[in-house]
Amino acid sequence: MILDGIGASSGVAIGKVFIKKQGTSKVPNTKIENVEAEIKRFEEAKEEALKELQVLYTKAVEEVGEEHAGIFDVHQMLVQDLDLNDQVVNFITEDKYNAAYAVSEAAVIIAAMFESMDDPYLQERAADIRDISKRLIGILTGEKEVSLADLQEPVILVAKDLFPSDTIQMNKKFVLGFITEDGGKMSHSAILARTMQIPAVVGLENALTKFNNDDIIILDGKNGKVYTEPTEEMVAEWTLEQEKYRNYKEELQKLIGTPNVTIDGVHIEVNANIGSPDDIENVLANDAKGVGLFRSEFLYMDGKALPTEEMQYEAYKKVLEAMEDRVIIRTLDVGGDKELPYLNIPKEENPFLGYRAIRVCLDQPELFKTQLRALLRASVHGKLGIMFPMIATVDEIKAARKVLEETKQELLAEGIAVSEDIEVGMMIETPAAALVSDLLAKEVDFFSIGTNDLTQYTMAVDRMNAKIAHLYDTHNLAILRSIKMVADNAHKAGIWVGICGESAADTTLTETYLAMGIDELSVSAPSVLEVRKKIQQVDTQKAKASLNL
């Protein structure tokens with residue numbers, strides 16, 4: 001049989017199935033008498049969970065870098081979340097539930113509430129609530145699940161879902177690939193799988209009923225296919241595909257030091273996306289010369305309080321000094337799926353359409369200016385680009401630039417040097433911005449198209465919802481026409497345009513993007529050489545002649 005899921009991480013896995021069963025045994029509801037003692041047990045369990053999560057964070061930084069490790073910071077914040085805490089304490093106090101049962105019941109209520117809102121931010125929080133509740137219950141009952149780090153033989157994991165803590169604990173030596181019933185291409189586990197280069201298929205309906213332990217299967221992570229009961233001939237054929245993929249990855253290494261130039265001599269910038277100065281080592285190893293997107297919000301998510309101007313300055317300086325070419329730093333982009341409890345951003349029914357990104361910064365000018373001061377001070381250490389996120393109107397970009405100029409003049413008045421060669425740009429993430437990109441282009445030095453949000457907003461599709469995953473399609477004509485319109489308007493105004501969303505690394509779209517005149521593609525570090533290879537195979541004149549939108 002051929003089973004269809006969502007290809008989440010490329011590569012081929014051939015091996016035995018190992019089914020990771022969810023803990024289905026209900027936590028016993030044992031009534032307690034000493035409320036204060038039970039609340040104390042809950043508080044102690046929280047402290048133990050925080051210690052475990054810090055260990056996981058450290059391991060994640062080593063395995064996948066600081067950006068992806070940030071999820072465990074979020075988990076630490078959720079362990080201390082007042083809503084969860086109040087719900088658990090209320091169950092213990094009012095209903096005399098034991099702590100483990102109180103956590104179990106509170107998690108069900110909160111996760112269900114998040115899940116019912118049907119948007120990416122809330123769905124992610126639901127999975128995270130389940131993850132931390134599982135951890136707390138394990139500590140309280142002394143019955144922790146077997147860690148995936150303890151696997152003793154190579155297997156293909158099958159699970160309803162894999163939490164980030166599951167994924168990061170995988171022993172890569174023994175995890176050939178994984179399959180989940182839930183999740184989408186942009187789920188935490190899918191992103192971690194790509195970073196760790198583990199083949200994965202997600203969103204495979206009723207996966208747990210399709211396999212038995214020790215079944216031999218073939219997993220095609222690129223195309224989202226799983227082959228059950230393969231014949232010897234199929235195993236031989238896919239073993240050959242596996243070998244081809246390994247050779248392909250080795251061949252890519254030979255492209256280090258070669259230019260990002262098409263057959264007809266057109267140079268395209270291929271830069272890297274990062275979330276932390278610690279990611280630079282991987283960027284340089286993959287031969288990127290510049291950074292097309294530094295997600296500065298991860299500097300804010302790494303601590304329990306706002307990073308100071310000095311802390312930010314040192315981080316930006318480190319990246320600028322390390323890179324040969326331009327470094328584009330996106331200003332604070334919080335809200336949506338990025339929560340900062342210490343900012344007291346109110347919970348919203350639809351945070352992706354709410355108080356986020358540039359809207360927060362313009363509403364809190366002191367917060368904004370602290371970051372801009374750090375950026376402007378660091379500008380003398382390299383070639384800096386400052387990029388504003390989630391711009392939807394001309395008034396917003398004018399307001400952002402006004403605050404930037406005010407900050408610059410304040411620094412100069414203090415005798416602090418600022419580079420005169422800073423590019424100022426904005427992200428195109430909303431249909432509104434795309435439609436008025438001719439006007440916006442007059443206000444900036446460049447555009448960078450965030451195809452993740454642009455696709456989500458244009459298609460009205462929750463990109464985490466497996467039921468409608470087929471509609472989240474960056475190949476859709478509406479998306480491609482929007483990108484072409486933005487590129488045309490940028491070039492008419494004499495500015496350059498890049499793409500920094502996930503689709504920048506989609507080599508099936510590279511030729512189309514080059515035909516549109518896209519000047520820069522910014523991708524995760526492991527994708528740099530693959531995109532370079534594709535660019536070197538494209539004739540842009542022929543591509544333009546065949547472009548049909």
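The basis for the numbers below is simple: all heavy atoms, side chains too, and nothing from hydrogens, waters or symmetry mates. These numbers come from a predicted model, not from an experiment.
- Heavy atoms from other residues, nucleotides or ligands lying under 6.0 Å from NZ of Lys222 number 12 at most.
- Atom CD of Glu44 has more than 12 neighbouring heavy atoms from other residues, nucleotides or ligands inside a 6.0 Å radius.
- In this structure, the side chains of Phe368 and Leu332 stay at 4.5 Å or more apart for every pair of heavy atoms.
- A donor-acceptor distance shorter than 3.5 angstrom exists from the side chain of Lys31 to the backbone of Asp95, with no hydrogens or angles considered.
- Nearest heavy atoms, Val403 versus Thr407: O-OG1, 2.7 Å.
- Of the possible polar contacts, one joining the Asp473 side chain to the His475 backbone as a donor-acceptor pair under 3.5 Å is found.
- Counting heavy-atom neighbours within 6.0 Å of Gln54 CD, excluding the residue itself, gives a total above 12.
- The backbone N or O of Asn282 lies less than 3.5 Å from a partner atom in the side chain of Asn286, making a donor-acceptor pair.
- Between atom CD1 of residue Ile274 and atom OG of residue Ser524 there is a gap of 12.5 Å, rounded to the nearest 0.5 Å.
- Taking both residues in full, the closest heavy atoms of Thr331 and Pro389 are given as OG1-CD, 3.1 Å, listed atom of the first, atom of the second, then distance.
- Residues Glu43 and Asn85 are in side-chain contact: their nearest non-hydrogen atoms beyond the backbone lie under 4.5 Å apart.
- Side-chain contact annotation: Asp220 with Asn223, donor-acceptor N/O pair under 3.5 Å present.
- Without hydrogens or angle criteria, Asp81 side chain to Leu84 main chain gives a donor-acceptor distance under 3.5 Å.
- Of the possible donor and acceptor atoms, one in the side chain of Arg359 sits under 3.5 Å from a partner among the backbone N and O of Gly354.
- Side chains of Phe18 and Ile156 form no contact here, defined as non-hydrogen atoms less than 4.5 Å apart.
- The shortest heavy-atom contact between Gln312 and Ala374 is CB-CB, 3.6 Å.
- Between the Ser296 side chain and the Ile329 main chain, no donor and acceptor come within less than 3.5 Å of each other.
- Under the 3.5 Å distance criterion, with hydrogens and angles disregarded, a donor-acceptor pair is assigned to the side chains of Asp363 and Tyr355.
- Distance check, rounded to the nearest 0.5 Å: NZ of Lys20 to CG of Asp161 gives 9.0 Å.
- Between the side chain of Asn98 and the main chain of Tyr101, a donor-acceptor pair closer than 3.5 Å is present.
- For the residue pair Asn213 / Lys16, no side-chain donor-acceptor distance below 3.5 Å is found, with atom types taken as modelled.
- Within the 4.5 Å cutoff, side-chain heavy atoms of Leu208 are placed close to those of Glu181.
- Closest approach of Ile6 to Gly203, counting heavy atoms only: CD1-CA, 4.4 Å.
- To the nearest 0.5 Å, atoms CZ (Arg41) and CG (Leu136) are separated by 11.5 Å.
- Side-chain atoms of Gln371 do not come within 3.5 Å of backbone N or O of Leu367 as any donor-acceptor pair.
- Remark: Lys173 NZ is loosely packed, at most 12 non-hydrogen atoms of other residues, nucleotides or ligands lying under 6.0 Å away.
- With Asn476 contributing its side chain and Ala478 its backbone, the two residues share a donor-acceptor pair below 3.5 Å.
- No donor-acceptor distance shorter than 3.5 angstrom exists from the side chain of Thr458 to the backbone of Thr455, with no hydrogens or angles considered.
- The one candidate from Leu320, Ile328, Val319 that meets the side-chain contact (heavy atoms from CB on, under 4.5 Å) condition with Phe294 is Val319.
- The structure places CE of Met426 at 10.0 Å from CE of Met387, a figure rounded to the nearest 0.5 Å.
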Asn90 and Asp86: side-chain hydrogen bond (donor to acceptor under 3.5 Å, both in side chains), yes or no, with the steps?
CA-CA 6 Å; Asn90 185 64; Asp86 290 349; over 6 Å; no

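- What you find for Tyr316 and Ala378 is that their closest heavy atoms are CB-CB, 3.7 Å.
- With Ser503 as the partner, the side chain to side chain donor-acceptor pair (under 3.5 Å) test is satisfied by one option alone out of Asn452, Thr451, Thr474: Thr451.
- Of all non-hydrogen atoms in Leu454 and Ile479, the two that sit nearest each other are O-CD1, 4.2 Å.
- For the pairing with Leu219, the side-chain contact (heavy atoms from CB on, under 4.5 Å) check across Leu176, Val12, Leu3, Val201 returns one residue only, Val201.
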